[in-house]
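Below is one structure; the comments refer to it alone.
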Amino acid sequence: MLPIQNIRENADKIIESLKKRNFKDAAEKISEALQLDKHRRELKQKSDEVLSEINRLSKEVGTYMKEGKADLAQQIKEKVAQLKEQGKSIDEELDKFEKSLEQIMLTIPNTPHESVREGKSAEDNEIVSQEGNIPTLPKDALPHWELTAKYDIVDFELGNKITGAGFPVYKGKGARLQRALINFFLESAIDAGYHEIQPPLLVNAASGYGTGQLPDKDGQMYYAPLDDLYLIPTAEVPVTNIYRDVLLQGSQLPIKNVAYSSCFRREAGSYGKDVRGLNRLHQFDKVEIVQVQHPEKSYQALEEMVAHVTSLLRKLELPFRVLRLCGGDMGFTSALTYDFEVYSAAQQRWLEVSSVSNFESFQANRMKCRFKDETGKTMLVHTLNGSALALPRIVAALLENNQTPEGIRIPAALVPYTKFDLID
RNA sequence: GGAAAGGUGGGUGAGUGGCUUAAACCAACAGUUUGCUAAACUGUCGUAGGAGCAAUCCUACCGGGGGUUCGAAUCCCCCCCUUUCCGCCA
């Protein structure tokens, strides 16, 4: 949610900026919000005046009662009763304005950073960089879903039996590769100064609202109604919510957390070749990095996170490219997002493996995460997060790109973790 | 699942209807003193909303929501959470 003070002060700039998202009603929504805000403040003032008068009169009642002047006290009681009626109707109206204001504020997305390009869809995203060699595979090269069967390392059929589609079973070297990747990612993040967290995999509704999965993405999360809990779609949810309703000291910043978790996504509405094999799963593993930053340093932090993810992909020797998402393709809460895609040689397509975003104060405002700066002023923090990295598509690319007649070659950086260098 | 006790500012914790404007202590910050550090002393020190150029003033907030009352941290009702014990259990 954008802070209303920000809208009051920079309405024109915000409207201009939201155009990049292809968000058409910006001007109307902003002016409606400002209108509601104006009425809200007027009513608040009236309500406060009435309450102030009631407080003052109530004290008089106490005084008169002590002095034994019951008749005077009675007169004031009647006056207060009238004021209360008046206050009640003002408050009802005030409540209406506050609710409509919040409703409209929830529909206004974050303002894109100045470097974000205007655009409608993924086709308008900018390729910032690309590196690594795209391997030329022999004619008989297999897609990963056939390789996993050939070497018996990921069993989709078994997952279907036990749970259903999208819940694969990792076996033998497949399971060990998973564990190795998780440890490799965690250790790399720790070396880069991140503090490891092991969060709960189920969260309450308040946490869902905190990071914005609720109410908009309600149907995308698995839900346990008996206990009113949600399975996390990413570790971002429990980790970022650590800082919900928290007032930090400036000296505590930056906070850098890393967490491994399984992620659960219903992926309602997905279908076709997108979901083949490891491309899209209901349960998968991911290492997530989260930063809580001083507003002046958040873009520097974003670059640092991009550099971190870059170094992981280099060590895994995978060809990848970095995209700066255009306004229309960016998430609702993000101000700037970089996507990382690895090239999956047998499928001959780019697969998204990481999304690194700066939310500026948009999440912090909703979560009420603030800090006191050097001068003692309370301000909203900036929050950032990124995958570093999500496993399944990395596994898909590793299997496809590194297939040889002898077996699947494991990149050198990973061998200390897998303790084998070939899947055969 | 059963029983009991609780939920008060950054922390500990007092407060059973109006002299509460939430005590006191700790932490933090500033100053004085002081070879340094420390200690001692003095002062400052909650959050949010609103009015005002400003000093400042007003309002709300003691887990959440309702209620009683002229007046609620305090009394009543509902809900949530935590702790301890019992049961179950990796």
Side-chain angles (χ1 to χ4, degrees), chain A residues 1-9 33-105 198-210 214 223-230 238 241-253 255 262 292 361 364-381:
Chain A
M1 212 160 38
L2 292 169
I4 185 74
Q5 300 92 315
N6 189 6
I7 294 185
R8 263 183 233 150
E9 287 158 21
L34 286 172
Q35 202 62 27
L36 289 167
D37 178 54
K38 186 165 164 261
H39 285 121
R40 187 195 116 250
R41 283 188 291 165
E42 283 165 4
L43 285 167
K44 170 72 175 157
Q45 208 176 333
K46 273 194 214 165
S47 169
D48 281 356
E49 276 166 21
V50 171
L51 286 169
S52 174
E53 186 66 4
I54 292 173
N55 285 343
R56 195 181 63 78
L57 292 173
S58 293
K59 272 176 199 152
E60 275 184 27
V61 172
T63 315
Y64 286 135
M65 293 298 266
K66 245 168 248 170
E67 290 170 0
K69 297 173 181 168
D71 50 335
L72 277 172
Q74 190 54 41
Q75 281 178 24
I76 293 174
K77 278 188 197 180
E78 280 159 21
K79 211 169 158 188
V80 170
Q82 275 177 22
L83 281 171
K84 278 182 84 172
E85 277 305 306
Q86 207 182 322
K88 207 175 150 191
S89 65
I90 293 173
D91 284 348
E92 275 168 12
E93 212 183 333
L94 176 59
D95 193 54
K96 264 193 258 167
F97 276 98
E98 279 176 347
K99 288 211 169 103
S100 343
L101 178 59
E102 179 163 4
Q103 278 311 307
I104 195 142
M105 292 302 288
Q198 258 192 40
L201 303 182
L202 281 86
V203 295
N204 56 30
S207 295
Y209 281 99
L214 292 174
Y223 175 58
L226 210 54
D227 296 290
D228 193 23
L229 294 172
Y230 296 83
N241 272 283
I242 294 172
Y243 308 100
R244 169 157 52 88
D245 293 322
V246 166
L247 180 60
L248 296 159
Q249 293 300 320
S251 58
Q252 289 175 267
L253 299 178
I255 291 169
S262 291
V292 178
S361 60
N365 186 42
R366 193 186 290 202
M367 287 204 304
K368 295 200 174 53
C369 178
R370 295 144 304 158
F371 78 105
K372 274 193 199 284
D373 73 1
E374 313 74 44
T375 64
K377 211 176 116 196
T378 304
M379 317 172 58
L380 292 166
V381 298

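Note that the structure is predicted; figures quoted are calculated from it, not measured.
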Stem regions touching RNA chain B, defined by at least 3 consecutive Watson-Crick or wobble G-U pairs below 3.5 angstrom: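 So far as stems of 3 or more pairs are concerned, RNA chain B shows B:1-7 with B:80-86, B:10-12 with B:24-26, B:28-32 with B:40-44, B:46-51 with B:56-61, B:63-67 with B:75-79.
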
[N] and [M]: how far apart are their [atom1] atoms, nearest whole angstrom?
N	M	atom1	result
B/U8	B/G64	C1'	15 Å
B/G15	B/U74	P	15 Å
B/G63	B/C89	P	37 Å
B/C85	B/G9	P	26 Å
B/U42	B/G52	P	41 Å
B/U59	B/G6	C1'	31 Å
B/C79	B/C45	C1'	35 Å
B/C62	B/A73	C1'	5 Å

Salt bridge flag under 4.0 Å for residues A/Lys88 and A/Asp91: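 Looking at A/Lys88 and A/Asp91, the cut-off is not met.
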
Check ion pair A/Arg56-A/Glu60 (N to O, under 4.0 angstrom):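 Between A/Glu60 and A/Arg56 there is a salt bridge, with a charged N closer than 4.0 Å to a carboxylate O.
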
Side-chain H-bond candidate by donor/acceptor type, A/Ser207 with A/Asn204, under 3.5 Å: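 On atom types as modelled, these side chains qualify, holding a pair under 3.5 Å.
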
Donor + acceptor pair across side chains of A/Asp228, A/Tyr223 (<3.5 Å):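 Indeed, the side chains of A/Asp228 and A/Tyr223 share at least one donor-acceptor pair under 3.5 Å.
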
5'-most by nearest nucleotide on RNA chain B - A/Ser58 or A/Glu42: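 Here A/Ser58 is the residue nearer the 5' end.
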
Which residue lies more 5' along RNA chain B, comparing A/Arg41 with A/Lys59 via nearest heavy atoms: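 On the 5' side of the pair lies A/Lys59.
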
Range on RNA chain B touched by chain A - first to last nucleotide, heavy-atom distance under 4.0 Å: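 Reading along RNA chain B, I get B/G18 to B/G71.
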
So what does [X] hit on the nucleic acid, given a heavy-atom distance under 4.0 Å: a base, only sugar-phosphate, or nothing?
X	answer
A/Ser47	nothing
A/Gln82	nothing
A/Leu51	sugar-phosphate
A/Arg40	sugar-phosphate

Note, A/Leu83 side chain near A/Leu57 side chain (heavy atom, < 4.5 Å):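 Counting from C-beta outward, A/Leu83 and A/Leu57 do come under 4.5 Å.
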
A/Asn365 vs A/Leu2 side-chain heavy atoms within contact, under 4.5 Å: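 A/Asn365 does not reach A/Leu2 side chain to side chain.
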
Exam field: side chain A/Ser52 to backbone A/Asp48, donor-acceptor pair closer than 3.5 Å: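 Checking the backbone N and O of A/Asp48 against the side chain of A/Ser52, no donor-acceptor pair under 3.5 Å is found.
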
Exceeds 12 heavy-atom contacts within 6.0 angstrom, atom CD of A/Gln252: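 Result for CD/A/Gln252: enclosed.
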
Pairwise ring pair (Phe, Tyr, Trp, His ring centres under 6.0 Å) hits with a residue in residues 69-103 of chain A, at least two apart: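 Residue pairs passing ring pair (Phe, Tyr, Trp, His ring centres under 6.0 Å), neighbours aside: A/His39-A/Phe97.
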
